[in-house]
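Right, one structure below, let's go through it.
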Amino acid sequence: MHINFPLVLVIAVAVSGFLALLDLVLLAPRRRRAIASYEAQVDVADPQTIERLEKEPLLVEYGKSFFPVLAVVLVLRSFLVEPFQIPSGSMKPTLDVGDFILVNKFAYGIRLPVIDTKIIPVGEPQRGDVMVFRYPNDPTINYIKRVVGLPGDHIRYAGKQLYINGQKIEHELIEVIPDDEVPDGHPLQAVAKAEIFQEQLGAVSHLIRQKQLSQTPRPNEWVVPEGHYFMMGDNRDNSNDSRYWQSTEMPRELWGMVPDNYIVGKAFAVWMHWPEPKLSNLPSFSSVALIH
């Protein structure tokens with residue numbers, strides 16, 4: 001069962017805030033009046049009685065205690081920075097499984113929590129940005145990919161080569177490494193290799209990964225509609241991205257496209273790496289770095 005954490009957080013802030021306000025406006029004055037009435041009726045006030053009259057209801061006490069903490073978390077998470085964990089290898093070699101990243105929530109505009117409506121425009125996604133967004137085919141799932149196509153772009157992918165608006169996106173071979181994604185015991189495990197390339201997307205220079213022995217996907221082309229973005233993983237032969245997303249519930253021209261209101265934020269840093277299984281591995285901070 002998927003838990004909508006932003007909604008839960010908003011409800012928790014609203015409830016705890018209501019309890020704190022209720023105490024401020026109604027319950028606290030009532031307690032003060034009760035204490036004043038008691039002190040007027042006795043010569044010497046009993047400390048235990050005063051303490052009992054001053055005591056806040058348990059729910060109010062919890063509400064007042066949790067409200068400032070929850071409110072700060074809500075503001076930080078909704079408008080400033082939100083942490084995420086990388087669950088798959090689709091962004092290798094840029095990001096690895098077990099990386100914990102930070103996402104800038106205001107880079108692409110200030111949005112209301114839960115409904116994700118942009119209320120203050122700040123900036124727009126740029127080609128080459130690493131972006132977290134809600135998966136168009138299942139908005140309850142967050143994905144992370146690189147922005148390849150901007151609104152109005154013509155994208156072509158053929159023979160493992162990317163073209164944007166008719167221009168070939170050049171990439172330079174950096175190194176050849178063993179393909180660690182080949183399952184143990186596979187007959188090709190010993191000879192399978194992966195190639196690491198340097199690619200230039202707009203102003204961003206970054207690494208991509210391609211398998212030497214993978215099947216070449218059939219050529220395909222897309223036109224990015226207004227208000228949408230075309231996303232690809234840096235692990236080009238092992239990434240579920242805009243090249244493959246289809247849904248009978250949306251028009252064909254929107255297949256693979258990420259709408260603006262599904263954007264979560266811009267990934268900008270790796271702050272920790274903690275590989276699985278976590279019970280037998282310790283977190284590492286050696287990979288702390290900015291994301292390019």
Side-chain angles (χ1 to χ4, degrees), residues 2-6 9 73 76-78 80-108 116 125-148 174-175 177-184 194-199 201 204-211 214 229-245 256 258 262-292:
H2 173 75
I3 298 177
N4 189 332
F5 182 74
L9 183 57
V73 171
L76 289 176
R77 188 184 184 279
S78 300
L80 298 177
V81 175
E82 182 176 358
F84 285 90
Q85 180 183 356
I86 302 301
S88 74
S90 70
M91 283 296 291
K92 292 167 64 174
T94 305
L95 299 172
D96 208 349
V97 180
D99 281 348
F100 285 74
I101 65 170
L102 296 176
V103 173
N104 184 329
K105 298 296 292 287
F106 61 86
Y108 304 137
D116 292 327
Q126 302 298 309
R127 199 185 323 279
D129 287 356
V130 177
M131 189 169 80
V132 175
F133 55 93
R134 290 187 286 144
Y135 178 38
N137 291 1
D138 184 358
T140 64
I141 302 174
N142 288 320
Y143 268 37
I144 181 168
K145 307 290 179 186
R146 193 175 294 275
V147 179
V148 170
I174 301 298
E175 62 176 331
I177 61 175
D179 188 353
D180 57 1
E181 295 179 342
V182 177
D184 291 339
E195 297 171 330
I196 306 299
F197 294 90
Q198 189 86 33
E199 182 181 77
L201 268 181
V204 178
S205 178
H206 67 103
L207 299 178
I208 64 171
R209 183 184 191 275
Q210 293 182 346
K211 295 174 177 288
S214 68
Y229 299 89
F230 189 91
M231 313 297 297
M232 290 176 64
D234 290 346
N235 193 354
R236 294 288 165 81
D237 295 323
N238 191 15
S239 172
N240 178 26
D241 53 38
S242 289
R243 295 170 291 173
Y244 308 110
W245 300 334
V258 176
Y262 277 23
I263 293 175
V264 174
K266 179 181 179 180
F268 69 93
V270 177
W271 66 276
M272 184 178 71
H273 180 77
W274 196 352
E276 298 290 348
K278 288 184 170 49
L279 291 179
S280 57
N281 289 288
L282 293 175
S284 168
F285 298 93
S286 61
S287 59
V288 172
L290 296 178
I291 297 173
H292 300 288

TODO: Kindly determine whether I101 and I144 satisfy side-chain contact (heavy atoms from CB on, under 4.5 Å), including the steps that lead there.
DONE: CA-CA 11 Å; I101 65 170; I144 181 168; 3.4 Å; yes
Open item on the list: Keeping R146 on the side-chain end and M232 on the backbone end, is there a donor-acceptor pair under 3.5 Å?
Closed with: no
Task: Centroid-centroid distance, Y135 to Y143, less than 6.0 Å - done: yes
Task: Test: R209 and E181 ion pair at under 4.0 Å - done: yes
- [ ] Would you confirm whether K145, through its side chain, and F230, through its main-chain N or O, come within 3.5 Å as a donor-acceptor pair?
- [x] no
- [ ] Could you tell me whether D237 and K92 have a side-chain N and a carboxylate O separated by less than 4.0 Å?
- [x] no
Open item on the list: Under the criterion side-chain contact (heavy atoms from CB on, under 4.5 Å), I'd like the reasoning laid out for V264 against K105: C-alpha separation, chi angles, the key distance, then a yes or no.
Closed with: CA-CA 7 Å; V264 174; K105 298 296 292 287; 3.9 Å; yes
Open item on the list: Please give me the minimum heavy-atom distance between G98 and Q85, naming the atom from each residue.
Closed with: CA-NE2, 4.4 Å
Open item on the list: Using side-chain heavy atoms (C-beta onward) and a distance below 4.5 Å, is P139 in contact with Y262?
Closed with: yes
Open item on the list: Nearest 0.5 Å, please: how far is CG in D234 from CD in Q210?
Closed with: 11.0 Å
For residues 283-292, which side-chain donor-acceptor pairs fall under 3.5 Å, sequence neighbours excluded?
from	atom 1	to	atom 2	distance (Å)
S284	OG	S286	N	3.2
S284	OG	S286	OG	2.9

Open item on the list: Checking the side chain of S242 only, and the main-chain atoms of M231 only, is there a donor and an acceptor separated by less than 3.5 Å?
Closed with: yes
TODO: Measure the CG-CH2 distance between D99 and W271 for me, rounded to the nearest 0.5 Å.
DONE: 11.5 Å
TODO: Answer yes or no: does atom NZ of K266 have more than 12 heavy-atom neighbours from other residues, nucleotides or ligands under 6.0 Å?
DONE: no
Open item on the list: Please find the pair of heavy atoms, one from Y229 and one from P125, that lie closest to each other, and give the distance.
Closed with: OH-CD, 3.3 Å
Task: Least distance between heavy atoms, G233 atom then R236 atom - done: O-NE, 3.1 Å
Task: Nearest non-hydrogen partners of W274 and N281, listed with the distance - done: NE1-O, 2.8 Å
- [ ] Dump the intermediate steps for side-chain contact (heavy atoms from CB on, under 4.5 Å) on F84 and N142, then the final yes or no.
- [x] CA-CA 9 Å; F84 285 90; N142 288 320; 3.3 Å; yes
- [ ] Can you see which heavy atom on Y108 is nearest to which on I263, and at what distance?
- [x] CD1-CG2, 3.5 Å
Open item on the list: Can you tell me how far apart CD1 (I196) and CD1 (I174) are? Round to the nearest 0.5 Å.
Closed with: 9.5 Å
Task: D184 side, atom CG; D180 side, atom CG - distance, nearest 0.5 Å - done: 10.5 Å
Open item on the list: Donor-acceptor pair, distance only, cut-off 3.5 Å: does the side chain of N235 make one with the backbone of G89?
Closed with: yes
Open item on the list: With rounding to the nearest 0.5 angstrom, report the OG1 to CZ distance, T140 to R134.
Closed with: 9.5 Å
Open item on the list: How long is the straight-line distance from CG of L95 back to NE2 of H273, given to the nearest 0.5 Å?
Closed with: 11.0 Å
- [ ] Give a yes or no answer on whether the side chain of R127 reaches the backbone of V148 with a donor-acceptor pair at less than 3.5 Å.
- [x] yes
Open item on the list: Looking at every non-hydrogen atom in both residues, tell me the closest pair between L201 and H206 and how far apart they are.
Closed with: CD1-NE2, 3.6 Å
